[in-house]
Amino acid sequence: MKAQPHIPALHDATQLSPVARFQRKDDPHWHWLENRDDPEVVAFLEQANQECSQWSAPLAPLVEALHAGHLARRELAVKGLGTPLDHYTYWSETAHDADYPVWWRHPNHDASRRECVLDVQTRAQHHAFMEVADMAIAPDESWLAWTEDTSGDENFELFLRVLPDGDPRCLLSDIGPELCCAEDNRTLMFTRYDDTQRPDSVWRLDIESGDTACIFREVDAEFWVGMSKTRSREWLVLETASKDTSECHLIPAATPETSPRCVRERVKGVEYGLEHRPGHFYILHNQDAPHFRLDVAAEATPRDWVPLLEHQQHITLEGVDAFAWGLIITERDHREAQVHLSVLDLDAPSPTRRRLPLPEAPCSLVLGDTPKFDTRRLRLHEESFTLPPRWIEHDLDTDARTLLKVQPVYGDMLPERLVCRRVWAEAHDGERIPVSVVARDDLWEQGPMPTLLYGYGAYGEVLDPWFSVARLELLSRGVAFAVAHVRGGGDRGEPWYLAGKLEHKENSFRDFLAARHALVEHGIADGERIAAYGASAGGLLVSASLNLDPSAFCAAVLDVPFVDVLRTMENPDLPLTTAEYSEWGNPNDPEAKRRIRDYSPLDNLVAQPYPTLFLQGSWHDSRVPYWEPAKLYARLTELAAQLPADQSRPILLRTDMAAGHGGASGRFKAWHDNARQDAFILWALGLAEPLAR
């Protein structure tokens, strides 16, 4: 690691740090922070916030410059694409000075008759936090229902508004986020939580009578429930799933009072999901097919599966979307670490399968909002590290591509000034790890660059390329942004995920360090000026990597980091814990407990020089509780006090007392928070003005 510009003292000799002030000799692991009812917990967090603000005060001009630069590059007044349903076309608009959108509609053939459907900006006026998680429109489009969270703890209220001019009514509280409409224009499906905030049941609500009934309950603590409706609008699908096993149940959408029918009973380790075309179900599953295959079943006998697309060695099938004419298949090439969309036209005289073109590679390509079952015009969403998000209409009959919308970018750092390259790192076991890098085009040949390395590496989540206006502030100042596509993610398909979980979890951490070293070896990154960033499970990735090699990075940002892994997994009363056993392991198994303890960041801290750390938590976070980053801050601060002064670097903690796992909900506050984070990164990389002594 490299010394950053001068660091002002966190506190003077007469002022105790929050850690020294609140330290309890009988609790060296700081477990008392888990008691949110203890007033000293809030006092500790608030004083840590004050300490962080005091330390970063000299960076305030840079924070404001970054925020202003972000706003100047971005389209502030945003109008979304219209989505036509049977009778009306729906879209959102966000005013230039608004944090939240307003949803509108007009009759499909009369755009002049605008009606406000939902004004989220007005609803948010009296709340520090606002999230609308799901919206459901009645099949006849006569009413709108939505779920709303005003604290960030992911407990939702259900509201309904009769359109076009009814007043919103709160129908239910303390429910899950998901909604689904039946086809009878009076029935809503929703979920409820158990005591650990696990969605364990699906309920039916009659909006006219107000009656509710539980129609499905999952008793296995490792399983979560959800529901959806097929694009054909003929079936409601109830799904219960753990991290590696699933089971589906069917209800006719027109008769939602019908009891659910199980498609196939669960088998440990077998995941499946289904789509529908009249007469057939299409089942994507991994039974005897680790990379998934696609089967078909007669609608009358959905448990009898017949192969349609066979298992492939170098391709993972990730999803299937059914239309009247056939299927869209989402598939991932293991070798290229690239997603593709394939069209399977089942109505053609000779059924054909073909891939849709990519705008560039690597890139992101997904099927956009295309609700019409019989349409042959697909709405596609494309973006990359150098390509701003754009929406394309692809005509399957002519292959004509029509640009519907592109996110505009303003200022001097235009997308054409960016270059993205992919390098391959060699891991400790010889595996090749893809690393994506984006930087200004004029810097690639000028020598190693200060670099921010990002990673996640869990749950099979993919880090397909994404464009960021906020990132332009870093890129314009000479920072290279890199993404390590480590094992545990899904970037190279299902095998990539399996090779970075459970007993293979250490691969994720060593892959991240290998990516860092490859950036230096390829002459891209300055080895003394590499910062790391990880959020949630990505915070585990980065913090575990720091324990393995704290000298690899000059600084790190850990955002809502999952760092108390063993203690969390040993507490089944916490949200998420039991559902996570198949991801991390069940510590009731001694071998699993040993593995978790061997990498859990809080269980492997030692008195060694760590880089400067910026830790962020949220008071209402139900996924990674505020006390995880708070404990890490306290423990590292204590260890730093044992080191010589020239080896100790600041450990900063900032807790948002009005947000949840995703941080601030309003876009302007979220952007300002991002600017504060980026100012820290620029300082750590030596690209900020020297701080005053």
Side-chain angles (χ1 to χ4, degrees), residues 76-83 85 88-106 114-139 141-181 188-193 197 199 202-203 205 207 224 226-229 368-369 371 381 389 575 618-623 656 658-671 673:
L76 294 178
V78 181
K79 181 177 180 179
L81 274 178
T83 298
L85 300 183
Y88 291 87
T89 295
Y90 297 78
W91 75 98
S92 66
E93 295 182 10
T94 306
H96 75 282
D97 58 349
D99 274 313
Y100 303 94
V102 178
W103 286 87
W104 298 86
R105 74 177 187 181
H106 65 68
R114 291 165 47 113
E115 298 174 354
C116 178
V117 174
L118 176 60
D119 187 341
V120 184
Q121 177 68 16
T122 296
R123 295 190 64 78
Q125 285 181 352
H126 303 295
H127 301 286
F129 184 93
M130 168 62 73
E131 179 189 3
V132 173
D134 203 2
M135 300 167 62
I137 195 81
E141 302 177 58
S142 62
W143 50 262
L144 172 74
W146 68 93
T147 49
E148 185 176 291
D149 172 16
T150 56
S151 71
D153 63 0
E154 300 187 52
N155 284 290
F156 294 86
E157 293 180 302
L158 169 62
F159 287 86
L160 184 137
R161 181 175 184 240
V162 175
L163 301 175
D165 51 12
D167 293 326
R169 294 184 291 132
C170 182
L171 301 183
L172 295 167
S173 299
D174 294 322
I175 67 169
E178 290 185 85
L179 293 176
C180 189
C181 284
L188 266 175
M189 304 291 187
F190 66 95
T191 60
R192 285 196 185 277
Y193 296 132
Q197 208 170 359
V202 178
W203 293 68
L205 167 67
I207 66 168
W224 286 23
M227 69 274 180
S228 62
K229 183 165 58 177
D369 195 7
H381 176 270
S618 293
W619 178 249
H620 295 291
D621 193 340
S622 60
R623 295 176 181 264
D656 191 325
H661 191 63
S665 59
R667 61 176 185 162
F668 284 98
K669 184 176 185 298
W671 292 339
D673 289 348

Revision key, fill the gap. Of all heavy-atom pairs linking A664 and A659, the shortest is N-CB, 4.0 Å
**Study point:** Contact summary for S622 and P575, nearest pair of heavy atoms
**Key:** O-CB, 3.3 Å
Review point. CG/L179 to OG/S228 distance, rounded to the nearest 0.5 angstrom?
Key: 13.0 Å
Point to revise | For the student: nearest non-hydrogen atoms of W91 and G80, plus distance | key: CB-O, 3.8 Å
Review point. Shortest non-hydrogen contact from C181 to P139?
Key: CB-CD, 4.3 Å
**Study point:** Between CH2 on residue W103 and CD on residue Q121, distance to nearest 0.5 Å
**Key:** 14.5 Å
Revision key, fill the gap. When rounded to the nearest 0.5 Å, the distance separating CG of L118 from CE of M135 is 5.0 Å
Check your understanding: Hey, does N155 have a side-chain heavy atom less than 4.5 Å from the side chain of Q197?
Key -> yes
Check your understanding: Got a sec, which residues hit ring pair (Phe, Tyr, Trp, His ring centres under 6.0 Å) with H381, two or more places apart in sequence or on another chain?
Key -> W391
Check your understanding: Do any N or O atoms from the side chain of R161 and from the backbone of G166 form a donor-acceptor pair under 3.5 angstrom?
Key -> yes
Check your understanding: Between R123 and E148, is there a donor-acceptor pair closer than 3.5 Å when you use the side chain of the first and the backbone of the second?
Key -> no
**Study point:** Flag, side chain of D99 to backbone of F668, donor-acceptor distance under 3.5 Å
**Key:** yes
Point to revise | Stepwise salt bridge (charged side-chain N to carboxylate O under 4.0 Å, His left out) check, D673 with K669 | key: CA-CA 6 Å; D673 289 348; K669 184 176 185 298; 3.3 Å; yes
Practice item. Output yes when a side-chain donor or acceptor of D149 lies under 3.5 Å from a complementary backbone atom of E154, and no otherwise. Key: yes
Practice item. Supply the atom-to-atom distance F156 CZ to W146 CH2, rounded to the nearest 0.5 angstrom. Key: 14.5 Å
**Study point:** Partners meeting ring pair (Phe, Tyr, Trp, His ring centres under 6.0 Å) with W619 (sequence neighbours left out)
**Key:** Y626
Revision key, fill the gap. One should read off an interatomic distance between R105 CZ and I137 CD1, to the nearest 0.5 angstrom, of 6.0 Å
**Study point:** Residues that D621 engages under salt bridge (Lys or Arg N to Asp or Glu O under 4.0 Å), provided they are two or more places apart
**Key:** none
Exercise for review: With F190 as reference, evaluate V202, L171, L205 under the side chain to side chain contact (heavy atoms under 4.5 Å, CB included) test and give the passing residue.
Suggested key: L205
Check your understanding: What are the two closest non-hydrogen atoms of Y193 and P177, and how far apart are they?
Key -> OH-CD, 3.5 Å
Practice item. Test side-chain contact (heavy atoms from CB on, under 4.5 Å) on T147 and E178 and set out the steps. Key: CA-CA 7 Å; T147 49; E178 290 185 85; over 6 Å; no
**Study point:** Derivation of the side-chain contact (heavy atoms from CB on, under 4.5 Å) call for L158 and C170
**Key:** CA-CA 6 Å; L158 169 62; C170 182; over 6 Å; no
Review point. Would you find a donor on one side and an acceptor on the other, under 3.5 Å apart, between the side chain of R667 and the backbone of A98?
Key: yes
Check your understanding: Between K229 (side chain) and C180 (backbone), is there a donor-acceptor pair under 3.5 Å?
Key -> no
Check your understanding: So, does E93 use its side chain to make a donor-acceptor pair with the main chain of K79 at under 3.5 Å?
Key -> no
**Study point:** Reported CH2-to-CD1 distance for the pair W203 and I175, which is rounded to 0.5 angstrom
**Key:** 11.5 Å
Point to revise | side-chain contact (heavy atoms from CB on, under 4.5 Å) assessment of L144 paired with Y90 | key: CA-CA 12 Å; L144 172 74; Y90 297 78; over 6 Å; no
Check your understanding: Minimum heavy-atom separation for G660 to F129, with atom names?
Key -> N-CE1, 4.1 Å
